[in-house]
Engineer: 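Got a structure here, written out as structure tokens. Questions coming.
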Amino acid sequence: MVPRKGAHRWEPIDTEEGTVGGRHRTDELDGGYNPQYDPPPRRRAGRGMVFVPLAGAVALAVLLGVAAYVVVNKNPSCGGGKISLTVVASPDIQPAVQKVAGKFAQSGTSVDGKCVAVSVKAAGSADVANAMAGTGPTSGKLDPDVWIPDSSLWLAGLAKSGAAPKPSGSAAHSPVVLTASKAGAEKLQSAFSPASWTGLMSAANAANPDGLARKVRVLALDPTQNAAGLGALLAGAAVLRQAGGSEETLVGVLRQLSESTVSTPDSLFATLTKAAARIPVGISSEQAVWAFNTKTTPSNPAVALYPTEGTVSLDYPIVVTAKDDATRKAAQAFAADLTSPTGRKTVQDYGFRTPDGKGGSLLKPENGVSAKKPAELPLPDAATVTQLSQAWHQIKLGTKLLALLDISGTMALPADSTGISRMRAVTDTAQEGLKLFPDKAEVGVWAFSDDLQRKGVDWRPVVPIGPLAQQINGVTRRVLIAQAMQQAQVKTTGNTGLNDTLWAAYQKMTKEYEPDKVNTILLFTDGVGNDDPNGGISNAQILQKLKQAYDPKQPVSILIISFNTNKDEDRAQMTNIAKATGGAAYFPQTVLEIRNIFLKGIARRLCAPNCGASAQQ
């Protein structure tokens, strides 16, 4: 058939759902009805004529992905216009929410005589939380009427800013699990079975590199960007504390995990499937494991490992943030549809559980997961979430550290009953402690006694401050520092120009302060304290100078590790020096205490610069 000449236009079809994507063509030459192309009109009492698309047009619309509807009576309740409802959902659940929104549009739901047009966008939960709190980075303007983050943990974070809204329900649940590749999980049977938070924390403890960490490499999702990562830290910390674990052990775990985070689940699963000397174990949501296996059909699929102690779940709260009454009513109507039995079934079809923990038929071993509901650990309160989040932020800060090594004559004396000298105990410990710092940490070393450079100059730079990974004359700074410690020699007749050295170091670190790092002076000495025959700065003067120089907005803290300091007046002086700068003083009596002392020092990072009174050991 050859089309009849004339000007044509396409007009919307009115249906009970309102104006939709189907179109009919009218011919302006004959008033709109063309018997060659259009079906006969169907009249309705009191209404104009409405046309039904030809079957070919419907087929074309389906192929083009355009909605086409058979004409039904126009819904009078939609005559008042429409309400636009913007829903922002976590990217993992956005496809399921989009599917529910499509069915919601077809249902013809109206609010105050207006139809509801729902648009569903995907945005990272951290982005939206930052936008709502007015803090942190965002990827663009985000102002949803309904927000569905992956976890209520983001709401706990907003509580501090006073911007925390109340959820009106939960769209889905997905347990936080450990995960490994199928091949890796088989290798884990002897080293890491059954899966547990206890085992994970052990493998991630920086203070125990010779334990499970020799076989297992823990990969963590960045908890500042991913609720599964934050949930895992909270669950692991809770299990650790319940078992009597110390704060220093938790710090060791955070320190290690801070160096092995991945930004997204995609990066996590890509790493899990690579062959490695240590078996990689990751942290993920159950749904992410399901999605990786079903959407990408990998040759080495992922396997969800459910911790024996139980786990926390991502709970996908439905947060209505709309301001005006009509939009809020529309949002509540959509939330009701999302949590209806039909909505729940749709969400299950995307690998999620319902809020009561029930999984759909797709949660099965073939997809790397199990439909069995895991034991639940409760989400902690907002204060605990904030505390751990702040701890993570502090531990992630860079390090700038100047170590001061006492090489005066008394450092040749025995450190304890083992007979090892104080010098050797310090240098061996320093080398061990050096392992706790990442390659990007900036570290330098000075030696001090008296008159090391010239009369009255009691210190001598040994290795300049800089990144541990930086190459200097063909070797890294880390290697140079280790070599310097191994080769350190006592100045047999040397005295202890402690105060002059401290003041010179403090001036240097203050002048070269770096705001994105924890700036610290770490002093290794023994029980003698300041012993300078040249005079120099007195004990009273050094305290006065440090108190005047300390700036809480640009804090440079002094940590002191002093062997065999037994006299009360010596301990008091060391403690007061540390306290003047927000630091801490430690007084180990045996070599075995040193490893724990280093962890205590790192733990100071979690409260710096407001750590309160100095520690005394």
Engineer: Any non-hydrogen side-chain atom of Leu233 less than 4.5 Å from a side-chain atom of Leu257?
Structural biologist: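 Yes - at least one pair of side-chain heavy atoms lies under 4.5 Å apart.
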Engineer: Quick one: salt bridge (charged side-chain N to carboxylate O under 4.0 Å, His left out) pairs with a partner in residues 464-485, sequence neighbours left out?
Structural biologist: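 Those involving residues 464-485 are Asp439-Arg478.
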Engineer: Could you list all the salt bridge (charged side-chain N to carboxylate O under 4.0 Å, His left out) pairs where at least one residue sits in residues 502-530, not counting sequence neighbours?
Structural biologist: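 Salt bridge (charged side-chain N to carboxylate O under 4.0 Å, His left out) check on residues 502-530 returns Lys400-Glu512, Lys400-Glu514, Arg422-Asp526, Glu442-Lys517, Lys508-Glu512, Glu514-Lys517.
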Engineer: Taking all atoms of both residues into account, what is the closest heavy-atom pair of Pro149 and Ser90, and its distance?
Structural biologist: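 For Pro149 versus Ser90, the nearest heavy atoms are C-CB, 4.1 Å.
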Engineer: Tell me, which pairs form a salt bridge (charged side-chain N to carboxylate O under 4.0 Å, His left out) where one or both residues lie in residues 549-563, sequence neighbours left out?
Structural biologist: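 For residues 549-563: none.
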Engineer: For the pair Asp531 (side chain) and Thr496 (backbone), establish whether a donor and an acceptor sit closer than 3.5 Å, ignoring hydrogens and angles.
Structural biologist: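 Pair absent, no side-chain N/O of Asp531 close to backbone of Thr496.
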Engineer: If you look only at pairs with a residue in residues 443-455, which of them pass as a salt bridge (charged side-chain N to carboxylate O under 4.0 Å, His left out), with sequence neighbours excluded?
Structural biologist: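 Pairs touching residues 443-455 that pass the test: Asp450-Lys491.
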Engineer: Are any of the side-chain heavy atoms of Ile481 and Val443 separated by less than 4.5 Å?
Structural biologist: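 Side-chain contact under 4.5 Å: yes.
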Engineer: Assess whether side chain to side chain contact (heavy atoms under 4.5 Å, CB included) is satisfied between Asn539 and Asn576, documenting all intermediate values.
Structural biologist: CA-CA 10 Å; Asn539 285 347; Asn576 288 334; over 6 Å; no
Engineer: So, using side-chain contact (heavy atoms from CB on, under 4.5 Å) as the criterion, who are the partners of Leu377 when residues are at least two apart?
Structural biologist: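 By the side-chain contact (heavy atoms from CB on, under 4.5 Å) rule, Leu377 matches Trp197, Ala235, Val239, Val312.
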Engineer: Going by the rule side-chain contact (heavy atoms from CB on, under 4.5 Å), which residues pair with Ala504 if we only count those two or more places apart in sequence or in a different chain?
Structural biologist: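 Checked Ala504 against side-chain contact (heavy atoms from CB on, under 4.5 Å); matches are Trp446, Trp459.
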Engineer: Using a 4.5 Å cut-off on heavy atoms from C-beta on, say whether the side chain of Asn499 contacts that of Lys545.
Structural biologist: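 No, every pair of side-chain atoms sits at 4.5 Å or beyond.
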Engineer: Checking Ser562 side chain against Phe587 main chain: does a donor-acceptor pair fall under 3.5 Å?
Structural biologist: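 No: the side chain of Ser562 does not pair with the backbone of Phe587.
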Engineer: Does Asp315 form a side chain to side chain contact (heavy atoms under 4.5 Å, CB included) with Leu379? I'd like the steps, not just the answer.
Structural biologist: CA-CA 10 Å; Asp315 59 345; Leu379 286 176; 4.3 Å; yes
Engineer: Leu221 versus Val262: any side-chain heavy-atom pair under 4.5 Å?
Structural biologist: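 Side-chain contact under 4.5 Å: yes.
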Engineer: Checking Leu219 now: which residues fulfil side-chain contact (heavy atoms from CB on, under 4.5 Å) with it, not counting sequence neighbours?
Structural biologist: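 Partners of Leu219 under the side-chain contact (heavy atoms from CB on, under 4.5 Å) test: Arg217, Leu268, Thr271, Leu272, Pro280.
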Engineer: Determine yes or no for a side-chain-to-main-chain donor-acceptor pair under 3.5 angstrom, with Ser125 supplying the side chain and Asp150 the backbone.
Structural biologist: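 Yes, because the side chain of Ser125 sits within donor-acceptor range (under 3.5 Å) of the backbone of Asp150.
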Engineer: Minimum heavy-atom separation for Ser151 to Pro317, with atom names?
Structural biologist: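 Answer, listing the atom of Ser151 first, then Pro317: C-CD, 3.7 Å.
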Engineer: Quick check against the 3.5 Å criterion: does Ser449 have a side-chain atom that pairs as donor or acceptor with the backbone of Asn495?
Structural biologist: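 Here the side-chain-to-backbone pair exists.
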Engineer: Would Met132 and Trp147 count as a side chain to side chain contact (heavy atoms under 4.5 Å, CB included) here? Give the steps.
Structural biologist: CA-CA 11 Å; Met132 292 179 69; Trp147 178 35; 3.4 Å; yes
Engineer: Just wondering, do Leu178 and Ile283 contact through their side chains at under 4.5 Å, heavy atoms?
Structural biologist: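 Touching, per the 4.5 Å side-chain cut-off.
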Engineer: Using side-chain heavy atoms (C-beta onward) and a distance below 4.5 Å, is Leu559 in contact with Leu523?
Structural biologist: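 Result no, sub-4.5 Å side-chain heavy-atom pair not found.
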Engineer: Could you work out, with side-chain contact (heavy atoms from CB on, under 4.5 Å) as the rule, every residue matching Thr418, not counting sequence neighbours?
Structural biologist: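 So Thr418 forms a side-chain contact (heavy atoms from CB on, under 4.5 Å) with Asp416, Ile420.
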Engineer: Hey, does Asp406 have a side-chain heavy atom less than 4.5 Å from the side chain of Phe448?
Structural biologist: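 The answer is yes, as the side chains (C-beta and beyond) meet within the 4.5 Å cut-off.
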Engineer: Check whether any side-chain N or O of Thr321 sits under 3.5 Å from a backbone N or O of Pro144 as a donor-acceptor pair, and report yes or no.
Structural biologist: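 Flag set: sc Thr321 to bb Pro144 pair under 3.5 Å.
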Engineer: Under 3.5 Å, side chain of Thr311 to main-chain N/O of Val177, donor-acceptor pair present?
Structural biologist: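 A pair under 3.5 Å: no.
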Engineer: Does Asn519 have any side-chain hydrogen bond (donor to acceptor under 3.5 Å, both in side chains) partners at least two apart in sequence or in another chain, and if so, which?
Structural biologist: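 In terms of side-chain hydrogen bond (donor to acceptor under 3.5 Å, both in side chains), with neighbours along the sequence ignored, Asn519 is linked to no residue.
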Engineer: Among all residues two or more places apart in sequence or in another chain, which pass the side-chain hydrogen bond (donor to acceptor under 3.5 Å, both in side chains) test with Asp381?
Structural biologist: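 Asp381 satisfies side-chain hydrogen bond (donor to acceptor under 3.5 Å, both in side chains) with Thr384 once adjacent residues are dropped.
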Engineer: Residues two or more places apart in sequence or in another chain: which of them pass salt bridge (Lys or Arg N to Asp or Glu O under 4.0 Å) with Glu309?
Structural biologist: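 Salt bridge (Lys or Arg N to Asp or Glu O under 4.0 Å) list for Glu309, sorted by chain: empty.
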Engineer: Quick one: does Thr264's side chain have a donor or acceptor within less than 3.5 Å of a partner on Ser267's backbone?
Structural biologist: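 Between the backbone of Ser267 and the side chain of Thr264 there is a qualifying donor-acceptor contact (under 3.5 Å).
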Engineer: If only atom types and distance count, is the side chain of Ser260 paired as donor or acceptor with the main-chain N or O of Val218 below 3.5 Å?
Structural biologist: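 Flag set: sc Ser260 to bb Val218 pair under 3.5 Å.
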Engineer: So, Asn534 side chain and Gly536 main chain: donor-acceptor pair closer than 3.5 Å or not?
Structural biologist: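 No; zero donor-acceptor contacts below 3.5 Å.
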Engineer: Might you point out which heavy atoms bring Ile407 and Leu452 nearest each other, and give the distance in Å?
Structural biologist: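 Looks like CD1-CD1, 4.0 Å.
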Engineer: Which atom names give the shortest non-hydrogen contact between Ala578 and Ile558, and what distance separates them?
Structural biologist: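 Residues Ala578 and Ile558, closest heavy atoms: CB-O, 3.7 Å.
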Engineer: Identify the two heavy atoms, one from Thr308 and one from Ser196, that lie closest to each other, and give their separation to 0.1 Å.
Structural biologist: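 What the structure gives for the nearest pair is OG1-CB, 3.7 Å.
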Engineer: Side chain of Asn130, backbone of Ala126: donor and acceptor closer than 3.5 Å?
Structural biologist: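 Indeed, once roles are kept as given, a pair shorter than 3.5 Å links the two residues.
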Engineer: Do the side chains of Ile561 and Phe524 get nearer than 4.5 Å, heavy atoms only?
Structural biologist: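 The answer is yes; the side chains approach within 4.5 Å.
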Engineer: Any pair with a residue in residues 480-490 that passes side-chain hydrogen bond (donor to acceptor under 3.5 Å, both in side chains), sequence neighbours left out, goes on the list, sorted by first then second residue, please.
Structural biologist: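 For residues 480-490: Gln431-Gln486.
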Engineer: Restricting to non-hydrogen atoms, name the atom on Val253 and the atom on Met201 that form the minimum distance, rounded to 0.1 Å.
Structural biologist: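 In this case the closest contact between Val253 and Met201 is CG2-O, 3.5 Å.
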Engineer: Give, for atom CG of Leu230 and atom CD of Gln225, the distance between the pair rounded to the nearest 0.5 Å.
Structural biologist: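 One finds 11.5 Å between CG of Leu230 and CD of Gln225.
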